[in-house]
Enquirer: 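Please see the structure below; I have some questions.
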Amino acid sequence: MSGEQVYRAPLHRRLRPLYFLSPTLLILLSVTLFPLIYSLYLATHTVILTNPMLSGWSLQDNLREVFLESPEYWESFATTLILVVTVVSIEFVLGLMLAYFFYNNFTGRDFIFPFFLMPMMLTPVVVGTIWRFLFNGEFGLIAGLLKAMGVVNYSILNEPSTALVGIIIADVWQWTPFMLLLMLAGMRALPTSPFEAAQVDGASRFQIFRDIMLPMMKPVIVIAVLIRMIDAFNRTFDTIYIMTNGGPGRVTETLAVMAFRSSFEYFFMHQGAIVALSMLVIIIIMTKVLGRFMAGPRED
Amino acid sequence: MASIDIRNLRKKFGDLEVIPGFSLHAEDREFISLLGPSGCGKSTILRIVAGLEELTSGDVVIAGRNVTALEPKDRDIAMVFQNYALYPHKSVFENLAYGLRIRKRPEDEIRKRVTEVSELLQIQQLLQRRPAQLSGGQQQRVAMGRAIMREPAAFLFDEPLSNLDAKLRNHMRVEIRQLQQRLGITTLYVTHDQVEAMTMSDRIVVLNHGMIEQIGKPLEIYETPASIFVATFIGSPAMNLVRVRTDGNALVFPSGDRLSVERQLQGDVVLGIRPERIKLSASKSENSLPFEIVLVEELGAQKIIHGRIGATEMTVAFPEDVPLPTNGASVSLPGNYLHFFDPESGKRLA
């Protein structure tokens, strides 16, 4: 604080970056900030498209309606939780095993590897359609196999107790490759000499995998699982919409599907907005956790 | 009693034969360096002995036991890697203990052994740290500690000092050698640093393109290099080599200067002499050659003088405390320090 003159650029120079950024900012604000503000408006007012006469501020009523008066929100919350935890666990274990399989050298590896990634390349709508057909009780491949065993017109998507299993299978099929890719990239990035040292130390292949490789992969695993959780939480919509549209009843209605159906099937826009905003809050929390793992140097 | 025998080892990577045939016998307690430039196959040989690399043909026998077909863990060896290869997520204690934990040794035995080893290497105060919290020299010590935990039949070192700075390297050189002597464990040590090989080894194996150029005690290799390759690889500054014509008992330099020698040689030969064996003086004496000084490098303990005999460049190492002749220097090349090599094969002429 010796009173030295600090150079400050003239105002027009300091404003210049803003000038160049303005087109991008405008677009970003109109497609992200505006919808967010509008959904806040929807959530705090009564907006029912089939009854435009109702209007006005009703935040407390809306919250009570969604969170307290009916169990639907919490049922969907539980469905979402079960779905996310199940698919991410299965995808993690399968992805890790496949990654270890592809980590080792064998003939034909580079040839078959792309086939394992293909499900990931498909749009979720296509994946949903494929699995809906496969599970179809009348002409589906799986029903055909069941028919051969004497079970007629059975589809797991039609049974309330098993419909979610069908969704889980489709999701695991589509997104395990993503886990595989992240895990394999993580494995390949590891130095190999600690594995060799462990080999000399007397460790078996399994011991090396469990005691050395897996702990060394911890940062990758945490990030992959979190990314996949955020994604599964938030985007498992298209597949469900195509396969079951939340049914039978509401057993496969996740929060994402509920937000959609509230808004665009029942036209209770305020309900849909509240569900969507509650998802936003959860995602922000998950992203914060992810950010903590991704940011900065780790201690060890 | 743990000798190491490598018999007719051959190694191909695809069609590329990197080791066309390598045999070596290391006596119990012997410290042998495999010395050569990068790509000469020295690390490959070491990794084959460790069992980390498959061999194409040949045998590896450790302590009288043929281990060629055995896994690394069954060979009773320990290895120290160039980048230390510590387990990054384990504490120093667990790094040391892992080999014994795998073998399901009782906890108190593990503790006792870790204590012994860490005291031997003076790393007791580091046991709770992670590798990332250690300096290079400390990591090096932990890597050695891990190697001696199991009291193996043989040590394998793969360029263990090349990641350390020069000062620490000199220090660790002495430490490794002392440790090896104290423990009496047969050691194969891979390096590209001739100083390491010279100072630490009982014997040195000089390798080039997967072939043995020479095996011998450090001084043998220094005094009687078997080929031009060995002559230039060992010793710093490198040996002077001049292609000269012979004329009876005289060597004729490209400049026309003549030097009479006691040996009878035929045709062209490559004359070699180490910079530190050349005598530099102001006065011209019989059988000395005129020497033009071009550049002087001051090293403190000595001067390295670059100069010319006619057009032939020559390096002379000169003691620091003797004043340099100012003009009209001449060099004499003592006959008993001259080396002669065949210009075609590069082999030493007997």
Side-chain angles (χ1 to χ4, degrees), chain A residues 92-93 96 99-100 103-111 182-226 289-290 292-300, chain B residues 43 46-47 49-54 70-92 94-105 128-134 139 142-150 152 154-160 163:
Chain A
F92 165 64
V93 173
L96 187 68
Y100 189 68
Y103 178 76
N104 297 302
N105 269 317
F106 57 88
T107 12
R109 180 183 68 176
D110 294 343
F111 177 75
L182 285 189
M183 295 291 156
L184 187 59
M187 266 177 208
R188 291 225 175 118
L190 297 177
T192 53
S193 57
F195 309 145
E196 293 182 336
Q199 236 180 309
V200 174
D201 250 351
S204 65
R205 285 170 73 95
F206 174 70
Q207 283 167 328
I208 292 172
F209 176 76
R210 185 194 62 193
D211 299 343
I212 314 294
M213 183 186 261
L214 219 46
M216 283 172 79
M217 280 183 65
K218 193 177 127 199
V220 180
I221 291 172
V222 169
I223 287 169
V225 165
L226 274 172
V289 177
L290 175 65
R292 185 162 303 171
F293 279 103
M294 287 177 82
R298 294 188 316 278
E299 209 254 310
D300 46 313
Chain B
S43 284
L46 196 76
R47 291 171 58 81
V49 174
L52 294 171
E53 198 91 59
E54 302 255 324
L70 297 184
E71 292 282 315
K73 64 188 167 96
D74 301 320
R75 294 188 175 203
D76 199 14
I77 45 128
M79 185 157 171
V80 177
F81 295 80
Q82 181 174 356
N83 54 10
Y84 321 130
L86 299 177
Y87 310 130
H89 56 286
K90 289 183 187 287
S91 65
V92 169
E94 289 303 325
N95 263 279
L96 295 175
Y98 188 61
L100 296 185
R101 290 214 189 285
I102 291 280
R103 287 173 175 74
K104 298 208 162 43
R105 291 287 174 69
Q128 298 316 316
R129 301 231 195 128
R130 299 268 178 108
Q133 299 165 314
L134 304 178
Q139 292 189 28
V142 176
M144 285 198 314
R146 187 173 58 182
I148 58 185
M149 276 295 287
R150 285 180 289 112
F155 274 157
L156 307 175
F157 287 91
D158 189 4
E159 309 227 11
N163 285 4

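Note on naming: letters A, B, ... go to the chains in the order of the sequence lines (proteins, then strands), and numbering restarts at 1 for each one.
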Enquirer: What residues form a side chain to side chain contact (heavy atoms under 4.5 Å, CB included) with B:N83, not counting sequence neighbours?
Expert: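 Applying side chain to side chain contact (heavy atoms under 4.5 Å, CB included) to B:N83 gives A:S193, B:F81, B:A85, B:N163.
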Enquirer: First locate atom CG of A:L214, then atom CE of A:M183, and finally report the distance between them rounded to the nearest 0.5 Å.
Expert: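 It comes to 9.0 Å.
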Enquirer: Quick one: what part of B:L86 sits under 4.5 Å from any heavy atom of chain A, side chain, backbone, both or neither?
Expert: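 B:L86 touches chain A through backbone heavy atoms alone.
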Enquirer: When you compare the side chains of B:Y87 and A:D201, does any donor N or O come within less than 3.5 Å of an acceptor on the partner?
Expert: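 Looking only at side-chain atoms, A:D201 and B:Y87 do form a donor-acceptor pair, the distance falling under 3.5 Å.
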Enquirer: Suppose the criterion is salt bridge (charged side-chain N to carboxylate O under 4.0 Å, His left out): which pairs have a residue in residues 185-200 of chain A, not counting sequence neighbours?
Expert: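 Found A:E196-B:R47.
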Enquirer: Which bit of B:R103 comes within less than 4.5 Å of chain A, counting heavy atoms only: side chain, backbone, both or neither?
Expert: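 Side chain of B:R103 only, per the 4.5 Å heavy-atom cut-off to chain A.
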Enquirer: For the candidates B:M79, B:R150, B:R101, which exhibits the highest count of non-hydrogen atom pairs separated by less than 4.5 Å from chain A?
Expert: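 Ranked by contacts with chain A, first place is B:R150.
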